[in-house]
Amino acid sequence: RHIVRRKKQPFYIPLDRYVQHRNFQDLIQRTLTPELVKQRGLMDWPAVRALLSKVENRDFLHAKQLMSLVALEIWFQIYVDGRKDNWALA
C-alpha cells in the first residue's frame with residue numbers, strides 16, 4: 001500500500017556503468033567517429049571528443065548526453081541515410 005500511495009520518483013538507468021561496457025564502447029566507436037561527426041555536420045567534433053573524455057569519469061550527466069548523441073546518430077543512419085542492416089546490434 002505504501003508503494004501505491006507514495007510520491008512518484010525518477011527511475012534512472014545506470015548509464016554511467018553501461019558506457020564503460022565493451023559493447024557500448026564498440027557502438028560509440030562505430031557511431032561517433034571524427035569522420036562521421038564531421039560528415040553529418042550536426043555536432044562539433046571537439047565538443048564530442050571532450051564529452052567522450054568526460055564520460056570516462058563515470059559521470060551520469062555526461063553518460064546521458066553521450067547516449068543521446070549515439071541514439072541520434074543511429075536514428076539518422078537508419079531513417080535519413082536509409083541503412084537497413086542490423087549493424088548496431090552486431
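Position 1 is the first residue of the sequence; numbering continues from there.
- To the nearest 0.5 Å, atom CG of residue Leu36 and atom CD of residue Gln77 are 6.0 Å apart.
- Distance OG/Ser53 to NE2/His62: 8.5 Å, rounded to 0.5 Å.
- Between atom NE2 of residue His21 and atom CD1 of residue Ile28 there is a gap of 12.0 Å, rounded to the nearest 0.5 Å.
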Exercise. Take Arg40 and Thr31, measure what side chain to side chain contact (heavy atoms under 4.5 Å, CB included) needs, and give me the verdict at the end.
Key: CA-CA 11 Å; Arg40 182 75 57 207; Thr31 56; over 6 Å; no
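- Side chain of Gln25 to backbone of Val19: a donor-acceptor contact under 3.5 angstrom is found.
- Remark: Leu52 CG to Leu66 CG distance equals 5.5 Å, nearest 0.5 Å.
- Judged by distance alone, with hydrogens and angles left aside, the side-chain atoms of Gln20 form a donor-acceptor pair with the main-chain N or O of Val55 at under 3.5 Å.
- A salt bridge does not link Arg49 to Asp44: none of the charged nitrogens lies less than 4.0 Å from a carboxylate oxygen.
- Using a 4.5 Å heavy-atom threshold, the side chains of Tyr18 and Asn23 count as separate.
- To the nearest 0.5 angstrom, Trp45 atom CH2 is 14.0 Å from Gln39 atom CD.
- Side-chain contact between Gln65 and Leu61: present, with at least one pair of heavy atoms (C-beta onward) separated by less than 4.5 Å.
- Leu27 has its side chain within reach of Ile74: a pair of non-hydrogen atoms, C-beta onward, lies under 4.5 Å apart.
- With a 4.5 Å cut-off on side-chain heavy atoms, Met67 and Phe24 count as touching.
- One finds the CE atom of Met43 at 6.0 Å from the CG atom of Leu32 (value rounded to the nearest 0.5 Å).
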